[in-house]
Amino acid sequence: MTDSMTEPSSLLLGNIGRLFTGDGDVIERACVLVEHGLIAFAGPEAELPASAVPPGTAEVDLEGRLVTPGLVDAHAHPVYGGDRFEEIALRSSGASYPEITARGGGIASSVSATRAARPEALEGRVEGLLRAWLDSGTTTLEAKTGYLLDEQGELGCVRLLARCASAPHVPSVEITFLAAHAVPAEYAGRADSYVEAVASWCPAAREAGARHVDVFCDEGYFTLEQSRAVLEAGIAAGLVPRIHADELARTGGARLGAELGCASADHLLKVDESDAVALAAAGVVATLAPVTALAMGTSPPLRLLRRAGVTIALGSDHNPGTCGTTSMPLVVALAVSELGMSVSEALVAATAGGAASLRRHDRGRVAAGLRADLVAWAAEHEGAFAWSYGLEPDSVYVAGVRVR
Ligand code: NIG
Ligand code: FE
């Protein structure tokens, strides 16, 4: 029997000190009424009519805590074998990410380790990571393939993610097909042929459970033309396009994302003002990854993006090369200290922004009619995020079911 069958169908979360709605507003002394997994009422406690509460509703006293929408991690690479700690240590003594890639490290080394891993071991690792995401308050997570880089491996990776996503007590998982993460060794010197192959796998990826398609459009990875071919094939297969853009060099990925109507352009460390304007005009969300930016010793141009009016989302960019955290509360703290966001702006980016990045308009805010993905935090004010560098949830609800 699933937990949702044993839970009462309505739940009243009361005595919320501050309810951060995801729109940037805060409601004090608030409550949230949940019915059948959806928010039926969210607002000041004094405004909830007693008649609106169905008989038999379970009541929880949140003792003045801060409540936010469940956090959304809009960029992660959780399926990989092995680790790259040695190259990370090398990077710390001055070697750059491209230099390490040229020496056989980087994505290629994780591809070898992932291909060599036992499938059960990979799956077990992903299950553990998903639990860690949930335990730190992430209720929706984007998860990419991209460390197998052959047809059976990449499609198998989509299936693995779909299996993990169907387990109880995990975040909702948005599966992204990223077979165009790098050119695998067996296609060395034949990148166009690999791109053609990836394009032909998109319909099967969709069938297997992927919802998004992505490409690493950057110097040393895929050109604009190759990226366009992958994304157009994904779009034709019914996948939502997103793009790793202008991270290592300004090759035009953000512009391509705008032209193709991508849901999200990610990283954007090297974009200029005209790129930001193009993203805003096309309604492409900028998904920023502060931990990776920090690992690269740089920072995305937040002021330009903000001035252009681009919607911002945040991602952990969990991956074996640059970021091992699954903590979106840490990502929020770093968005404040490293990118220069306000706490409120960072929390909006980690909730409503993430939902926009994933084109999931049923979540990311606390409002009537939306999914009851909610976190009560071990604090009474959102400023705690920028102090604790890893604020802990007190309780986590996914579609109204308490999962932590
Ligand atoms: O988002 N940029 C491409 N992919 C990852 C890094 C992948 C890796 O180094 O394994 C990223 O940063
Ligand atoms: Fe990435």
Side-chain angles (χ1 to χ4, degrees), residues 73-92 95-115 117 122 125 129 141-149 154 157 174-184 212-222 226-227 230 241-251 253-254 257 262-271 285-300 313-326 331 334 354 357-358:
D73 185 340
H75 186 135
H77 305 251
V79 191
Y80 54 85
D83 66 62
R84 308 222 300 268
F85 300 153
E86 199 178 324
E87 73 174 62
I88 291 162
L90 276 175
R91 249 196 355 252
S92 73
S96 73
Y97 185 85
E99 278 161 13
I100 284 172
T101 301
R103 289 192 223 163
I107 294 171
S109 99
S110 288
V111 170
S112 305
T114 311
R115 287 178 177 177
L122 277 183
R125 186 180 211 172
L129 288 170
L141 163 75
E142 190 255 12
K144 303 173 194 292
T145 71
Y147 291 106
L148 277 308
L149 308 187
E154 286 293 310
C157 187
E174 294 281 320
I175 303 172
T176 296
F177 189 55
L178 179 59
H181 195 192
V183 177
H212 308 258
V213 61
D214 192 354
V215 56
F216 191 3
C217 176
D218 220 312
E219 200 166 84
Y221 293 87
F222 295 93
Q226 291 163 346
S227 301
V230 169
R242 39 205 321 110
I243 184 167
H244 279 71
D246 304 306
E247 179 189 3
L248 307 173
R250 181 169 174 263
T251 65
C262 283
S264 171
D266 298 38
H267 291 296
L268 306 176
L269 297 176
K270 308 287 186 191
V271 291
V285 174
T287 300
L288 306 180
V291 180
T292 295
L294 201 53
M296 302 291 211
T298 177
S299 179
L314 292 172
S316 64
D317 191 22
H318 178 97
N319 76 74
T322 56
C323 172
T325 192
T326 52
V331 170
L334 292 174
S357 170
L358 296 171

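Both counts, for ligands and for their atoms, begin at 1 and track the order of listing. Computed over heavy atoms, backbone and side chain alike; hydrogens, waters and symmetry mates excluded.
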Colleague: Checking side chain to side chain contact (heavy atoms under 4.5 Å, CB included) between Phe216 and each of Leu248, Val230, Ile243, which is the one that passes?
Modeller: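 Among the candidates, only Leu248 passes.
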Colleague: Taking salt bridge (Lys or Arg N to Asp or Glu O under 4.0 Å) as the definition, give me every residue that meets it alongside Arg250, ordered by chain and number, with sequence neighbours left out.
Modeller: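 Arg250 satisfies salt bridge (Lys or Arg N to Asp or Glu O under 4.0 Å) with Asp272, Asp275 only.
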Colleague: So is Tyr97 in contact with ligand 1, going by heavy-atom distances below 4.0 Å?
Modeller: yes
Colleague: If we ignore angles and hydrogens, is there a donor and acceptor under 3.5 Å between the side chains of His244 and His75?
Modeller: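 Judged by distance alone, the side chains do pair up.
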Colleague: When you check the side-chain N and O atoms of Asp317 and His77, is any donor under 3.5 Å from an acceptor?
Modeller: yes
Colleague: Could you tell me the residue and atom name of the protein heavy atom closest to atom 5 (C) of ligand 1, and the distance to it rounded to 0.1 Å?
Modeller: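 For atom 5 (C) of ligand 1, the nearest protein heavy atom comes out as His77 NE2, 3.6 Å.
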Colleague: Grab the two heavy atoms, one from Ser110 and one from Tyr147, that are nearest each other, plus how far apart they are.
Modeller: CB-CD2, 3.5 Å
Colleague: Kindly check if the number of other-residue, nucleotide or ligand heavy atoms within 6.0 Å of CD (Glu99) is above 12?
Modeller: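 Count over threshold, so yes.
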Colleague: Excluding waters, which protein N, O or S atoms are within less than 2.8 Å of the Fe ion (ligand 2)?
Modeller: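 Near the Fe ion (ligand 2), below 2.8 Å, one finds His75 NE2, His77 NE2, His244 NE2.
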Colleague: Which atoms of ligand 1 sit under 4.0 Å from any heavy atom of Arg84?
Modeller: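 Here the atoms of ligand 1 in question are 8 (C), 9 (O), 10 (O).
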Colleague: Could you check which of His75, His181, Glu87, Glu247 puts a non-hydrogen atom nearest to atom 4 (N) of ligand 1?
Modeller: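 Minimum heavy-atom distance to atom 4 (N) of ligand 1 goes to His181.
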Colleague: Using a strict cut-off of 4.0 Å, indicate which atoms of ligand 1 neighbour a heavy atom of His244.
Modeller: 1 (O), 2 (N), 3 (C), 4 (N)
Colleague: Taking only heavy atoms of Asp317, which atoms of ligand 1 are found under 4.0 Å from at least one of them?
Modeller: 1 (O), 11 (C), 12 (O)
Colleague: Can you give me the closest heavy-atom contact between Asp73 and Gly315, atom names plus distance?
Modeller: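 Heavy-atom minimum between the residues: OD1-CA, 3.3 Å.
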Colleague: Is there a donor in the side chain of Arg242 and an acceptor in the side chain of Ser357, or the other way round, less than 3.5 Å apart?
Modeller: yes
Colleague: Can you give me the closest heavy-atom contact between Val285 and Ala313, atom names plus distance?
Modeller: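 Result for this residue pair: CG1-CB, 3.7 Å.
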Colleague: Would you mind listing which atoms of ligand 1 come within a distance below 4.0 Å of any non-hydrogen atom of Tyr147?
Modeller: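 Counting atoms of ligand 1 from 1, those under 4.0 Å from Tyr147 are 7 (C), 8 (C), 10 (O).
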